[in-house]
Amino acid sequence: MVNNIDTVNENIIWECLYDVEDPELPISIVDLGIVNQVAIVRDETVNNGSKVFVDITPTFTGCPAWKEIEKRVIENVSLIENVTEVQVRLNYSTEWTLEKISLKGKAKLNEFGVAMSKIWRGKEIVRCPRCKATNVSRENEFGPTLCKMIYYCNDCREPFEALKSLL
Ligand SMILES: [Zn+2]
């Protein structure tokens with residue numbers, strides 16, 4: 001049976017995007033929640049060809065990871081059969097927040113020692129990813145990148161990184 005309507009399956013593209021890891025966080029860009037949508041448009045110039053557009057909302061303005069994400073997405077999605085062109089489009093119509101990270105992504109970040117900062121009743125709450133204590137101090141506002149802050153756990157006496165909440 002020949003399916004001559006869709007030459008590229010959207011699920012395959014999502015699976016492929018799932019293999020793209022964020023350059024700054026050890027999780028997939030899909031778990032990170034930055035991929036908004038995928039569009040497939042037939043490429044009339046090539047038999048069975050399709051162009052793929054991937055819309056991405058960057059995590060934090062000023063994060064230098066953007067170019068690397070674009071490169072990785074193009075490299076990966078271009079490997080799919082019948083994909084003739086891949087374009088990554090910046091999408092600012094929605095805002096990325098920590099809440100967009102999937103539960104799986106949050107658990108994985110925690111395993112890697114990265115905490116989430118949360119604003120709760122107007123107060124910032126950060127839990128140590130190792131011992132879960134909230135008895136922590138902020139060491140450095142900027143951390144290794146603009147997206148991360150360095151904290152120090154007063155209970156287990158280890159430093160850790162936390163992602164900044166913009167809410
Ligand atoms: Zn701790």
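Order of appearance sets the numbers: ligands from 1, and atoms from 1 within every ligand.
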Under 2.8 Å from the Zn ion (ligand 1), which protein N, O or S atoms do you find? Ignore water molecules.
Cys128 SG, Cys131 SG, Cys153 SG, Cys156 SG
Would Lys67 and Glu70 count as a salt bridge (Lys or Arg N to Asp or Glu O under 4.0 Å) if you check the C-alpha gap in whole Å, the side-chain angles of each, and the deciding distance to 0.1 Å?
CA-CA 5 Å; Lys67 274 279 150 206; Glu70 183 183 33; 2.9 Å; yes
I'd like to know if the side chain of Asn135 pairs up with that of Asn154 as donor and acceptor (distance under 3.5 Å, no hydrogens or angles considered).
yes
Contacts of type salt bridge (charged side-chain N to carboxylate O under 4.0 Å, His left out), residue Arg72, not counting sequence neighbours
Glu68
Might you work through the side-chain contact (heavy atoms from CB on, under 4.5 Å) test for Tyr152 and Arg157, ending with a clear yes or no?
CA-CA 7 Å; Tyr152 178 79; Arg157 301 183 177 281; 3.4 Å; yes
I want to check something: taking the side chain as every heavy atom from C-beta on, are Trp66 and Thr59 in contact at a cut-off of under 4.5 Å?
no
Candidate list Ile40, Val8, Asp43, test side-chain contact (heavy atoms from CB on, under 4.5 Å), partner Val83, passing option:
Val8
